[in-house]
Amino acid sequence: MDTPSIRSVLADGEVGARVTIEGWLRSARHSKGLSFLDVTDGSSMAGLQVVAPGELDNYDPEVRGLGTGAAVRVRGELVESPGKGQRVELRAQELEVVGDAADDYPLQKKRHSFEYLRTIAHLRPRTNTLAAVFRVRNVAARAIHRFFQERGFVWLHTPILTGADAEGAGELFEIEGGEAFFGRPTRLTVSGQLEAEIGALALRNVYAFGPTFRAENSNTSRHLAEFWMVEPEMAFCDLRGDTELAEAFLREVLTAILEECGEDMAFFDERIEKGVVASLEHIVKTPFEHMTYTEAVQRLEQSGEDFEHLVSWGADLQSEHERWLTETLVQKPLVVTDYPSAIKAFYMYANDDGRTVRAMDVLVPRIGEIVGGSQREHRHDVLAEKMKAQGLDLEEYGWYLELRRFGSVPHAGFGLGFERLVQFATGMANIRDVIPFPRVPGYAEF
RNA sequence: UCCCCGGUAGCUCAGCUGGUAGAGCAAGCGGCUGUUAACCGCUGGGUCGCAGGUUCGAGUCCUGCCCGGGGAGCCA
């Protein structure tokens with residue numbers, strides 16, 4: 001705990017300094033009377049090379065017998081490394097085996113499949129890739145809070161247990177015994193948006209950032225039953241302000257990842273997704289493309305592409321359509337606005353044309369939809385009519401309607417899937433590998 | 001939930017038109033004072049996902065189920 005991180009030793013350690021480090025062996029190479037140990041503590045992609053000479057009291061058999069996975073504490077002197085691949089190395093004067101690893105330690109130096117690593121989720125953070133993912137995830141979370149805090153947004157802690165049947169969108173996890181305990185049916189939240197609206201109409205600008213749950217039986221590389229969502233909500237704000245915030249938000253968080261995770265991003269670029277760094281750098285520099293849903297449909301119809309699903313005004317854009325728009329047509333993030341009201345949620349602000357709403361989706365290459373947002377319907381009577389038309393229980397949403405009777409103002413917000421953002425930034429193919437403990441249909445181990 | 005592909009040693013995989021199981025890595029033992037996924041030698045290690053069926057004989061063919069992956073739908 002008091003010893004310096006390997007990251008700091010690699011960055012600032014001076015030749016001749018006496019240091020003590022603690023970590024786990026990523027690999028061990030033994031030759032006669034000399035061992036090379038690649039030690040990592042998760043603080044950086046690169047490990048520190050420890051050179052253990054045969055003169056150590058416990059060299060034979062203890063040090064010589066060390067293998068991948070063992071935990072060690074090493075005291076020694078930093079020396080210039082005569083070998084290639086590292087600036088300095090630690091010449092051990094004392095090497096304590098804190099925790100040996102049994103010889104059936106499942107991680108090997110060679111590559112494992114991500115499918116296998118998921119079955120050993122208690123050990124996979126020790127791999128280069130997952131450790132890098134979790135470091136990037138942390139930097140992204142910090143950048144998100146910083147982005148909002150610097151702009152005066154209040155982090156509103158919206159509930160995880162909820163009585164609201166929010167949005168009527170998505171299957172909900174029912175709480176067993178919820179009715180007996182709370183006096184009404186309760187579920188795990190699918191969104192903090194409605195509660196965030198409460199916050200925005202008092203504190204002006206707020207954001208929710210926490211876990212969200214969907215009981216959808218969706219089995220894809222982009223869906224989780226438990227995921228983290230970022231949901232800002234702004235009062236006195238329209239759809240334009242909402243998209244401006246989303247664009248600034250994505251740009252700033254991706255910039256932070258590029259600047260603060262250089263070593264990890266270089267690894268992702270080389271081993272996971274070639275060109276991911278260049279694509280992020282491009283996105284950060286270039287303004288996003290904007291078009292209305294109606295324009296998008298026109299472009300798709302004129303594309304000459306042979307889509308599997310028919311393109312027609314009024315139907316939702318399919319994955320293949322979204323991918324063509326963002327990957328082929330504009331080749332950068334694309335903001336699509338003003339969708340048909342029939343395919344969007346009841347709370348979205350109705351445009352004067354009577355058939356579209358002020359909704360926006362941000363589409364990005366590889367992932368598709370990463371942000372979904374809208375200006376909210378703040379006109380009491382319009383909202384009540386839409387709720388009735390969609391068969392919603394006005395009693396149930398009494399408080400939501402009431403917000404429109406007491407100082408209602410135009411307001412807007414969006415939702416962003418945190419794991420999709422991490423997936424996009426790292427190039428990881430499966431969303432299950434960007435969250436420490438994935439929950440998907442049929443699987444909730446660890 | 002639907003479509004397609006897969007499941008063989010601890011891991012990654014090979015195994016032809018059916019003839020009774022293999023490699024690399026890992027592990028164990030030994031060798032080598034400077035390695036970088038070290039290298040060299042030896043050794044151990046298998047209910048071929050599960051259950052039926054066809055056959056003289058099934059890892060291989062057929063049926064059902066389970067699990068995993070990719071795609072679709074739903075969405076973030």
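Just so it is clear: chains get the letters A, B, ... in the order the sequence lines come, proteins before strands, and each one is counted from 1.
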*Asks:* Heavy atoms under 4.0 Å, any strand shown: does G33(A) hit a base, just sugar-phosphate, or nothing?
*Replies:* nothing

*Asks:* For rU17(B) versus rC75(B), give the span between their P atoms, rounded off to a whole number of Å.
*Replies:* 45 Å

*Asks:* Considering only NZ, NE, NH1 and NH2 on the basic side and carboxylate oxygens on the acidic side, decide whether E419(A) and R137(A) come within less than 4.0 Å.
*Replies:* yes

*Asks:* Could you check which nucleotide pairs with rU63(B) in any of the strands shown, counting Watson-Crick or G-U wobble with both distances under 3.5 Å?
*Replies:* rA51(B)

*Asks:* How long is the line joining CZ of R214(A) and C1' of rG73(B), in whole Å?
*Replies:* 15 Å

*Asks:* By nearest heavy atom, map K344(A) and A429(A) onto RNA chain B; which one lands nearer the 5' end?
*Replies:* A429(A)

*Asks:* Give the nucleotide from the list rA76(B), rC74(B), rG71(B) with an atom nearest to the side chain of T220(A).
*Replies:* rC74(B)

*Asks:* With a 3.5 Å limit on both atom pairs, tell me what rU17(B) is paired to, counting Watson-Crick and G-U wobble, or say none.
*Replies:* none

*Asks:* Tell me whether the side-chain N/O atoms of N430(A) come closer than 4.0 Å to OP1 or OP2 in rG70(B).
*Replies:* yes

*Asks:* Are side-chain N/O atoms of N351(A) and T356(A) paired as donor and acceptor at under 3.5 Å?
*Replies:* yes

*Asks:* Any salt bridge linking K344(A) with D316(A)? Criterion: basic side-chain nitrogen under 4.0 Å from a carboxylate oxygen.
*Replies:* no

*Asks:* Check whether the side chain of E89(A) and the base of rG34(B) form a donor-acceptor pair under 3.5 Å.
*Replies:* yes

*Asks:* Measure from the ring centre of F36(A) to the centre of the six-membered ring in the base of rG34(B), then say whether that distance is under 5.5 Å and the planes meet at under 30°.
*Replies:* no

*Asks:* Rounding to the closest angstrom, what is the interatomic distance between rG19(B) and rC13(B) at atom P?
*Replies:* 24 Å

*Asks:* Taking the minimum atom-to-atom distance to the side chain of Y116(A), which one of rG68(B), rC11(B), rU1(B) wins?
*Replies:* rC11(B)

*Asks:* Does rA38(B) have OP1 or OP2 under 4.0 Å away from a side-chain N or O of S31(A)?
*Replies:* no

*Asks:* Rounding to the closest angstrom, what is the interatomic distance between rG64(B) and rC25(B) at atom P?
*Replies:* 41 Å

*Asks:* Between the base of rC74(B) and the side chain of H223(A), is there any donor-acceptor pair under 3.5 Å?
*Replies:* yes

*Asks:* Q375(A) vs M348(A), test: side chain to side chain contact (heavy atoms under 4.5 Å, CB included). Steps then yes/no.
*Replies:* CA-CA 6 Å; Q375(A) 181 177 334; M348(A) 297 185 181; over 6 Å; no

*Asks:* Report which part of the nucleic acid V371(A) touches: base, sugar-phosphate, or nothing (heavy-atom distance under 4.0 Å, all strands).
*Replies:* sugar-phosphate

*Asks:* To the nearest Å, give me how far apart CD (Q49(A)) and C1' (rU35(B)) are.
*Replies:* 7 Å

*Asks:* Scan every strand shown for a Watson-Crick or G-U wobble partner of rC39(B), both distances under 3.5 Å, and answer none if you come up empty.
*Replies:* rG31(B)

*Asks:* Which of these nucleotides, rC74(B), rG68(B), rU33(B), is closest to any side-chain atom of L34(A)?
*Replies:* rU33(B)

*Asks:* Provide the Watson-Crick or G-U wobble partner of rG10(B), both distances under 3.5 Å; none if there is no partner.
*Replies:* rC25(B)

*Asks:* Taking the side chain of S27(A) as heavy atoms from C-beta outward, which of rG69(B), rG71(B), rA38(B) is closest to it?
*Replies:* rA38(B)

*Asks:* Suppose we call a contact any N or O donor and acceptor under 3.5 Å apart; does that hold for the side chain of Q86(A) and the base of rU36(B)?
*Replies:* yes

*Asks:* With a 3.5 angstrom cut-off on both distances, give the Watson-Crick or G-U wobble partner of rA72(B), or none if there isn't one.
*Replies:* rU1(B)

*Asks:* Write down the distance between CZ (R439(A)) and P (rC75(B)), rounded to a whole number of angstrom.
*Replies:* 25 Å

*Asks:* Heavy atoms under 4.0 Å, any strand shown: does S113(A) hit a base, just sugar-phosphate, or nothing?
*Replies:* sugar-phosphate

*Asks:* Could you check S35(A) against Y59(A) for side-chain hydrogen bond (donor to acceptor under 3.5 Å, both in side chains), going step by step and ending with a plain yes or no?
*Replies:* CA-CA 9 Å; S35(A) 293; Y59(A) 185 75; 2.7 Å; yes

*Asks:* Is it the case that the base of rC75(B) and the side chain of R420(A) share a donor-acceptor contact (distance under 3.5 Å, atom types as modelled)?
*Replies:* yes

*Asks:* Expressed in angstrom and rounded to an integer, what is the separation of E115(A) atom CD from rC13(B) atom P?
*Replies:* 8 Å

*Asks:* Classify R222(A) by what it touches in the nucleic acid, base, sugar-phosphate, or nothing, heavy-atom distance under 4.0 Å.
*Replies:* base

*Asks:* Using a 4.0 Å heavy-atom cut-off across all strands, classify T212(A) as base, sugar-phosphate, or nothing.
*Replies:* nothing

*Asks:* What nucleic acid atoms does L107(A) come within less than 4.0 Å of, heavy atoms only: base, sugar-phosphate, or nothing?
*Replies:* nothing

*Asks:* For rC25(B) and R111(A) - does any side-chain N or O of the residue sit under 4.0 Å from the phosphate oxygens OP1/OP2?
*Replies:* no

*Asks:* Atom CZ of R323(A) and atom P of rG70(B): how far apart are they, to the nearest Å?
*Replies:* 14 Å

*Asks:* Would you state whether a donor and an acceptor, one from the side chain of Q318(A) and one from the base of rG73(B), lie under 3.5 Å apart?
*Replies:* no

*Asks:* When you measure from the side chain of R64(A), which nucleotide among rG30(B), rA72(B), rG70(B) comes out closest?
*Replies:* rG30(B)

*Asks:* Could a donor-acceptor pair under 3.5 angstrom be found where the side chain of R91(A) meets the base of rG34(B)?
*Replies:* yes

*Asks:* Identify which nucleotide among rG70(B), rA72(B), rC25(B) has an atom closest to any side-chain atom of Q108(A), counting heavy atoms from C-beta outward.
*Replies:* rC25(B)

*Asks:* Using whole Å, report how far CG of L172(A) lies from P of rC75(B).
*Replies:* 14 Å

*Asks:* Indicate whether OP1 or OP2 belonging to rC32(B) is found under 4.0 Å from a side-chain N or O atom of R29(A).
*Replies:* no

*Asks:* Paired with rG45(B) by Watson-Crick or G-U wobble geometry, both distances under 3.5 Å: which nucleotide is it?
*Replies:* none

*Asks:* Without decimals, in angstroms, what is the distance between D316(A) CG and rA72(B) P?
*Replies:* 14 Å

*Asks:* Could R151(A) and F147(A) be counted as a cation-pi pair, given that NZ or CZ must be under 6.0 Å from the ring centre and within 45° of the axis?
*Replies:* yes

*Asks:* In whole Å, what separates the P atom of rU33(B) from that of rG15(B)?
*Replies:* 42 Å

*Asks:* Which of the following nucleotides, rA27(B), rA76(B), rC32(B), is nearest to the side chain of M229(A)?
*Replies:* rA76(B)

*Asks:* Using atom P of each nucleotide, how far apart are rA26(B) and rG10(B) to the nearest Å?
*Replies:* 16 Å

*Asks:* Scan P82(A) against the nucleic acid and name what it touches under 4.0 Å (heavy atoms): base, sugar-phosphate only, or nothing.
*Replies:* base

*Asks:* Do R299(A)'s NZ or CZ and the ring of W324(A) fall within the cation-pi criteria of under 6.0 Å and 45°?
*Replies:* no

*Asks:* Under 4.0 angstrom, heavy atoms only, what part of the nucleic acid is N217(A) near: base, sugar-phosphate, or nothing?
*Replies:* base

*Asks:* What distance, rounded to whole Å, do you find between the two P atoms, one in rG30(B) and one in rU47(B)?
*Replies:* 29 Å

*Asks:* Rounded to the Å, how far apart are E322(A) CD and rC74(B) P?
*Replies:* 10 Å

*Asks:* For rC50(B) and rU8(B), measure between their C1' atoms and round to the nearest Å.
*Replies:* 15 Å

*Asks:* Are Q149(A) and Y207(A) close enough that a side-chain donor and a side-chain acceptor fall under 3.5 Å?
*Replies:* yes

*Asks:* Taking the same atom, C1', in rC2(B) and in rG59(B), what whole-Å distance lies between them?
*Replies:* 30 Å

*Asks:* F346(A) ring centre to K386(A) NZ or CZ under 6.0 Å, with the angle to the axis within 45°?
*Replies:* no

*Asks:* For W228(A) and F209(A), take the angle between the two ring planes, folded into 0 to 90°, and tell me which bin it lands in: parallel under 30, tilted 30 to 60, perpendicular over 60.
*Replies:* perpendicular

*Asks:* Considering only rU33(B), rA76(B), rG28(B), which nucleotide approaches the side chain of F227(A) most closely?
*Replies:* rA76(B)

